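Fair warning: this is a prediction, and the values are worked out from it, not measured in the lab.
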Amino acid sequence: MEAPSRVIALYGTDEVVPPPHMLRAGPLSAELEAGNLRHVRWHGEEVLRAVSFILRDRDWGTYAPDIADLEVVEEDDAFRVTFGAVAGDDVQSFTYGAVIEGRADGVLTFHGGGTTETGFETNRTGFVVLYPIDGIAGSPVTIRHTDGREVQGTFPEIIDPVQPMLDLRALTHVTPGGARVETVMEGDTYEMEDQRNWTDASYKVYVRPLAMPWPYHIAPGEVVDQTVTVTVTGRGGSVDAVASVALSLGAVLGALPPVGVGLRPEDLAGSRTVIEELQALAPAYLVLHHNPRAGHSRQTLAGMLEMARALDADPWLEAVIAATDDAGAAAEIAALGATAASLGAPFGTVLVSPAPDLKCTLPGSVWPIAPEAAALYDAARAAFPKARIGGGMFSYFTELNRKRPPTEHLDLVSFTTSPLVHAGDDRSLMQSRATHPAIAASATGIADGTPWAVGPSAIGIRDNPYGASAKDNPRNVRQAMNRNDPRQRGLLGAVWALGYFADFAAGGASAIALGGTTGPFGAVATTMDDPQRWFEEAGGVYPVFHVLRGLARLRGAALRDLGVSASGPVCGLAAETPTGTEIWIAVTGPDPVTVSAPASGRVAILDAERFAAAAATVEYMDELAALDGDLHLDSYAVARILIRKG
């Protein structure tokens, strides 16, 4: 089988992503991408993450606008961008125009306005402004309200479950480098949410308060007219690209937690065809998803248990409870306990969640009718007397943060995450890692002394708490709310998984589950309806398989600080084993990085050049070569380094 193209090896897709257009006006710069601004910088320092005019449907999906008549005029001390755009679907459309102007004196304006001929149902139409979190979390901000009042506040340090700032007209803050940034938002009332809830590395200021009805209707002929004006003063601090990293072995952070993977009934048939590969992966536990509303039964539960036994993995039951009243839920859980007993009472860990909690309840909305949490957990303990009982949310950290469980009734708190809730591009995906330390700290506070676990988490979203369902992806592209994300099968997916595990292991997670056995979130290729470029013919294991297999074998080893940042150019971890130090390190972006190991040893590298060989061999990362000097790693490359004792 011929090796895949480089882009397939890196990203799992051959989708062409046009590079952003760099706009410059003296020390002011920004990236123009799909009609919006990203990474607004002053003297090279990022002052805003994004300024975007967006349109969202009733399920919070973001329309991709068709842009026409784009004109960009650039001079040394100024730039001006104008365009027209149409966004919508077969039922409705919204037509708008935009004017973006930037000047070398630090003033940036973005005007967006338009109307609809059809009428337009939307959850949000207008501006969104994103603030970066590095060096900003916990820092002061001056808040101007819509009536002109100014008050002093702070950007949240611990992740805020709702909206930390309301009724906004302007915010003024100082960057880590010392630049003063005033952002004025006109045309509607704005408010802020802490996007770290969804692993977005930003605070988001958005148009139209969530307390107002949604979706709402823009009438035919009604005009939307909004402007964002950013004024930056002061010198600020420049940021240089990092092309080399020196690893260092620091303090012991704890023991490496076990690695788990998810399993759903729909992936059983495929998993049976690759049982040897999954046995080589050797996860410590399988999270078995059981949802009677999806037609899951005793038969599907028995099939998943058979798979767990074949892999010698501890089966965790993840049970959705359909009943919405206490008595009905208790009866349903008791029946499930009896079913489990008839299968040999195999579950040492039982996670339960009421079905209404699979969907999001926005701040200010009425919580849906559901069983009382303490009664639900007590019923689970009665039905599964020998198991530890877990609860929290089967959806995302957001929902856990907003509906915190009574931990005195639990042995384990759990939640999942996905980086694709709001954006689907590569940079946003990797930037999500910068939020993991804050999520870990917040989860530790919510758990209040109870152990907590995260996952099964993957790049793609397994469920959609904010709409009808996750998006299918027949075109195999990058997109938000995507179930079958192509990068799960590329090197980028392996790097994301390594960084995810390293971040949450350092943050105190007692167990970490990533993805699934096979299917859209899997580690091994099998026949499936979704596209999986190159693997459809070649088969084999995805790059993430090698990361999960390596981490699984390190369970219980002492985790040591490696001296790398969650927002840096590399991610990884170091583990002390009886024979020495094992380091897993990976490049988090498309630019190569030179890595200096703390000592000489042996190394295995997985990169685009070695992609096909790694796909064909489950033991690929066991083949080590001598390492004596710097290690030059290509885009999204993964390396395993062994440093022997003595």
Side-chain angles (χ1 to χ4, degrees), residues 1-12 259 261 271 273-283 311 486-502 514-518 522-526 532-555 557 570-575 577 579-588 592 595 597 601-627 631-644:
M1 181 70 188
E2 187 175 326
S5 67
R6 179 175 173 84
V7 292
I8 291 291
L10 294 180
Y11 307 110
V259 173
V261 296
S271 297
T273 67
V274 290
I275 190 70
E276 292 184 2
E277 289 87 344
L278 294 174
Q279 287 171 335
L281 178 62
L311 303 187
R487 290 160 294 192
Q488 177 72 19
R489 300 176 288 277
L491 283 162
L492 190 152
V495 175
W496 181 84
L498 175 59
Y500 193 96
F501 186 90
L514 284 158
T517 52
T518 58
V524 186
T526 58
Q532 46 177 337
R533 289 293 310 276
W534 188 77
F535 286 101
E536 292 161 338
E537 294 80 26
V541 300
Y542 305 144
V544 69
F545 173 95
H546 298 289
V547 169
L548 295 180
R549 177 174 178 264
L551 296 176
R553 293 192 293 178
L554 293 174
R555 177 183 181 179
V570 299
C571 65
L573 57 81
T577 71
T579 58
T581 303
E582 182 164 341
I583 296 173
W584 284 77
I585 195 76
V587 177
T588 59
V595 174
R602 298 181 66 78
V603 64
I605 299 173
L606 172 52
D607 57 15
E609 182 181 347
R610 301 166 174 87
F611 187 92
T617 309
V618 297
E619 298 175 342
Y620 177 79
M621 296 300 278
D622 295 345
E623 299 296 323
L624 302 167
L627 172 63
L631 185 61
H632 304 286
L633 296 177
D634 194 8
S635 311
Y636 300 110
V638 178
R640 176 189 179 216
I641 303 170
L642 290 184
I643 302 172
R644 297 291 183 186

One pair to check against side chain to side chain contact (heavy atoms under 4.5 Å, CB included): Leu633 and Val570. What are the steps and the verdict? CA-CA 10 Å; Leu633 296 177; Val570 299; 5.8 Å; no
Without swapping roles, check the side chain of [X] against the backbone of [Y] for a donor-acceptor pair under 3.5 Å.
X      : Y      : answer
Trp534 : Glu2   : yes
His546 : Leu606 : no
Arg489 : Gln532 : no

How close do [X] and [Y] get, heavy atom to heavy atom, and via which atoms?
X      : Y      : value
Ala280 : Val618 : CB-CG2, 4.1 Å
Thr517 : Val261 : CG2-CG2, 4.0 Å
Ala282 : Ala552 : O-CB, 3.6 Å
Pro283 : Leu278 : CD-O, 3.9 Å
Ala597 : Leu627 : CB-CD2, 4.1 Å
Ala639 : Val603 : CB-CG2, 4.2 Å

Return the [atom1] to [atom2] distance between [X] and [Y], rounded to the nearest 0.5 Å.
X      : Y      : atom1 : atom2 : value
Asp607 : Arg6   : CG    : CZ    : 8.0 Å
Leu554 : Arg549 : CG    : CZ    : 11.0 Å
Leu551 : Glu582 : CG    : CD    : 8.5 Å
Ser5   : Phe611 : OG    : CZ    : 9.5 Å
Met621 : Ile605 : CE    : CD1   : 8.0 Å
Leu498 : Tyr636 : CG    : OH    : 14.0 Å

Measure the shortest side-chain to side-chain distance between [X] and [Y] over non-hydrogen atoms and say whether it is less than 4.5 angstrom.
X      : Y      : result
Gln488 : Val544 : yes
Leu311 : Gln279 : yes
Leu492 : Leu10  : no
Tyr542 : Leu548 : no
Val638 : Pro543 : no

Exercise for review: Please list, chain by chain and in numerical order, all residues satisfying side-chain hydrogen bond (donor to acceptor under 3.5 Å, both in side chains) with Thr581, sequence neighbours excluded.
Suggested key: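 Glu576.
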Q: Answer with yes or no after comparing the ring centroid distance for Phe501 and Trp584 against a 6.0 Å cut-off, counting only values under it.
A: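 Centroid separation for Phe501 and Trp584: 6.0 Å or greater.
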Task: Arg610/Asp634 salt bridge by N-O under 4.0 Å criterion - done: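 Judged by the 4.0 Å cut-off on N to carboxylate O distance, Asp634 and Arg610 do not form a salt bridge.
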Exercise. Check the pair Val495, Cys571 against side chain to side chain contact (heavy atoms under 4.5 Å, CB included), reporting the backbone distance first and the verdict last.
Key: CA-CA 8 Å; Val495 175; Cys571 65; 4.0 Å; yes
- Task: For atom CD of Glu537, decide whether the heavy atoms of other residues, nucleotides or ligands shown that lie under 6.0 angstrom number more than 12.
- Result: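 More than 12 heavy atoms, drawn from other residues, nucleotides or ligands, come within 6.0 Å of this atom.
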